[in-house]
Amino acid sequence: MSARETILARLRAALDPAPAPVEVLRDYRRDGAVDLDLLVDRLTDYRAQVHRVTEAAVADTITGILPTGASVVVPPALPSAWLPATVTALADEGLDTTAIAAADGVVTAAAVAIADTGTVVLDGSPDQGRRVLSLLPDLHICVVRAAQVVANVPQALTRLAPHRPLTWVSGPSATSDIELNRVEGVHGPRTLHVILLP
C-alpha cells in the first residue's frame, strides 16, 4: 500500500462512521435576584460613569454630560424627550461613517443589562440603532431602564433574539499592550455614560 493510500484510508476511517452527537447540557443557573447596585458597581469598575435618575431627568443629565452645542447621533426611535435643547441631534437615517465619527457622541437605549457582568447589550432595535453607532463616536450615552436589568447572562439570553446584531458593552472600549498598559478608545467609545432609570 502506498503512502497516499494509507493516508486516505486513515481519513476515511476517521470520518466514517460519523461520531454520535454529544448532548450539551443547558442547565445554566437561571435564577438570581436583580441587583441594581451590583450593576452600578461593575459598570463603575469598568470605568463607565453611571447616573441614576428618573426618566424626567434624562435630558438634564445629558446636558451635564455634553457641552452646549455638541452634536449627537441618535437612532430613529430614540425618545425625543431624552434630548436636551442644548445639543444638536443628528438622526441616523443612513448617515455615513464620516458624519457619525465627527459627532461628539451618540445617545441610545439598550435591550438588556446584566448585573453580574456589568454588561449592557444593544440589539439594533430602532431605539438603539445600527452597530456602527456604538463604535465610531468617542462618547456613548446609553439609557437603561431597571426593568431591562437581569441578574446573569443566561437570563439575558432568554430576552435576546439570536438573529439580531448583538453588541455587548462592558465599559468604555479598552485594550492593553504587551506591557499591560491600558489604552482606551481603540475600537469603540473612549467614554461610556449609563443613565439608569428606575
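Numbers here are sequence positions counted from 1.
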> Could Asp37 and Arg52 be called an ion pair, given the rule that one side-chain N must be under 4.0 Å from one carboxylate O?
Replying inline: yes
> Between His193 and His51, does the ring centroid distance fall short of 6.0 Å?
Replying inline: yes
> In terms of hydrophobic clustering (I, L, V, M, F, W, Y; side-chain heavy atoms under 4.5 Å; direct or indirect links), are Val194 and Leu66 co-clustered?
Replying inline: no
> Listed by chain and number, what are the side-chain hydrogen bond (donor to acceptor under 3.5 Å, both in side chains) partners of Asp96, not counting sequence neighbours?
Replying inline: none
> How far does CZ of Arg12 sit from CD of Glu5, to the nearest 0.5 angstrom?
Replying inline: 9.0 Å
> Honestly curious: do Leu139 and Leu83 fall in one hydrophobic cluster under the side-chain, below-4.5 Å linking rule?
Replying inline: yes
>> Among residues at least two apart in sequence or on other chains, which ones pass side-chain hydrogen bond (donor to acceptor under 3.5 Å, both in side chains) with Glu55?
In response: Trp82, Arg145
> With sequence neighbours left out, what residues match Asp92 under salt bridge (Lys or Arg N to Asp or Glu O under 4.0 Å)?
Replying inline: Arg130
> For the hydrophobic clusters of this structure (ILVMFWY residues joined by side-chain heavy atoms under 4.5 Å, transitively), does one cluster hold both Val50 and Ile141?
Replying inline: no
>> Quick check: closest heavy atoms across Leu78 and Ala109, and the distance to 0.1 Å?
In response: CD1-N, 3.8 Å
>> Test of understanding: clusters of I, L, V, M, F, W, Y form through side-chain heavy atoms closer than 4.5 Å, transitively. Do Val40 and Val169 belong to the same one?
In response: yes
> Mind checking whether Val153 and Val121 sit in one hydrophobic cluster, side chains of I, L, V, M, F, W, Y counted as touching below 4.5 Å?
Replying inline: yes
